[in-house]
Number of protein chains: 2
Amino acid sequence: MLSNAAQYAIRSILYLALYSSATQRIRTKKISQDLEVPQPFLAKLLQRLGGADLVSSSKGPNGGFYLNKTNRNKTVWDIIVTVDGTEKFNQCFLGLHTCSDNNPCPVHFNVSPFKQIIKKDFKGKTIAQFSEEIKKRGTVLSLKDFDALHK
Amino acid sequence: MLSNAAQYAIRSILYLALYSSATQRIRTKKISQDLEVPQPFLAKLLQRLGGADLVSSSKGPNGGFYLNKTNRNKTVWDIIVTVDGTEKFNQCFLGLHTCSDNNPCPVHFNVSPFKQIIKKDFKGKTIAQFSEEIKKRGTVLSLKDFDALHK
DNA sequence: CAATTTTAAGACCAAATAGTCTTTAATAGG
DNA sequence: CCTATTAAAGACTATTTGGTCTTAAAATTG
């Protein structure tokens, strides 16, 4: 459903929400290792996310990426929109352009309600809230892949 | 979520379920026009579906594609598996290979239950049952795009 | 059995996504 | 102010998916 890029983006931003701050910046090398994502690809992606004001960065020694206040008030939906656009997410499961509640395809009501709920979830919660939730639920619910690795 | 090919495949097979029989075969040209799908692409796709025993065909004048008894007892899930494989469908929303109920990613419980329900729906109903349902619900619920076009 | 119509098969081309590499610019620290 | 370190920028390559085209083979009809 999401592109690799969007998946990487969401995971990176949640990672930065958990572990970075304006004074504790994180280099792409470390992020890519912890998230098991190709480093050059991630670098370019974070660059894009920077342009969309979803992450912050600074160059030079002790530079790297982090999230500021503004960044933390974005949503997962913002990330998806920036990286993949809305089209793929909203499109009919069978690819019919005319599909809607009034004019549904044969699987519309099997699929559509769920997509609405997921979308609402992703729109309604900020990155900050999301990361609080991850912390609260502990390691079981956390980004296991890199939580374990992070020191 | 599904590839174009899988979407075309599902729509084509439901179309054949509604309008074809062993004596009433349908040519790729007609199918592609009614479904608004590129004809050569569809031809190749139907060829593959034939190999997987999801559709039947015969060559020559008055030839074309149709569904036999066996074909009609397949499920939408069978189509998805044949065309796209199971991987994409079962994979974690954020792309984590370790993600599971025991070891969930941050969005696992937002997404996973829905996928299970959808999958169960698609596994549990035969093409024959599906097409009955489409007929029963009338044109409103039907494959509008081609239902309107089909004479 | 010849002509025509249709799928079968497979080589081919195009576009999107995924991923790499190299050069430049900014910044911190000695 | 020089050097090292980091992101920014953009050109480049690879892989996958989507889609086309051409030739062969099967079946029907006269």
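Since we're looking at a predicted model, the values are computed, not measured. The figures that follow rest on heavy atoms only: side chains count, while hydrogens, waters and symmetry mates do not. Each chain gets a letter, A, B and so on, in the order the sequences are listed, and its residues count up from 1.
B/D84 pairs by the salt bridge (charged side-chain N to carboxylate O under 4.0 Å, His left out) definition with B/K88, not counting sequence neighbours. In this structure, B/F65 has no ring-ring contact (aromatic ring centres under 6.0 Å, His included) partners at least two apart in sequence or on a different chain. Every residue meeting the salt bridge (charged side-chain N to carboxylate O under 4.0 Å, His left out) condition with B/K125, not counting sequence neighbours, appears here in chain and number order: B/E133.
Neither B/V37 nor B/Y66 shares a network with the other; the hydrophobic side chains, linked directly or stepwise wherever heavy atoms of I, L, V, M, F, W or Y lie under 4.5 Å apart, form separate groups for each.
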If you restrict it to nitrogen or oxygen atoms, what contacts under 3.5 Å exist between nucleotides 6-14 of chain D and the protein, and what is each distance?
residue: D/dT6; atom: O4'; partner: A/G60; partner atom: O; Å: 3.3
residue: D/dT6; atom: O2; partner: A/G60; partner atom: N; Å: 3.3
residue: D/dA7; atom: OP1; partner: A/T28; partner atom: N; Å: 3.1
residue: D/dA7; atom: O3'; partner: A/S57; partner atom: OG; Å: 3.3
residue: D/dA8; atom: OP1; partner: A/S57; partner atom: OG; Å: 2.9
residue: D/dA9; atom: N7; partner: A/Q47; partner atom: OE1; Å: 3.2

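With rounding to whole Å, B/M1 atom CE is found 15 Å from D/dT17 atom P. Atom NZ of A/K30 and atom P of D/dT5 are 18 Å apart (whole Å).
Checking B/L2, B/V83, B/I127 one by one against B/I10, the side-chain contact (heavy atoms from CB on, under 4.5 Å) holds for a single residue, B/L2.
A 4.0 Å heavy-atom criterion places the boundary nucleotides of DNA chain C facing chain B at C/dT4 to C/dA11, written 5' to 3'.
Side-chain atoms of A/D78 and A/T75 include a donor-acceptor pair closer than 3.5 Å.
The ring of B/F122 has its center closer than 6.0 angstrom to the ring center of A/F93.
Pairs engaging residues 73-92 of chain A under the ring pair (Phe, Tyr, Trp, His ring centres under 6.0 Å) rule: A/W77-A/F89 [sequence neighbours left out].
Counting non-hydrogen atoms under 4.0 angstrom, B/P38 reaches the backbone sugars and phosphates but no base.
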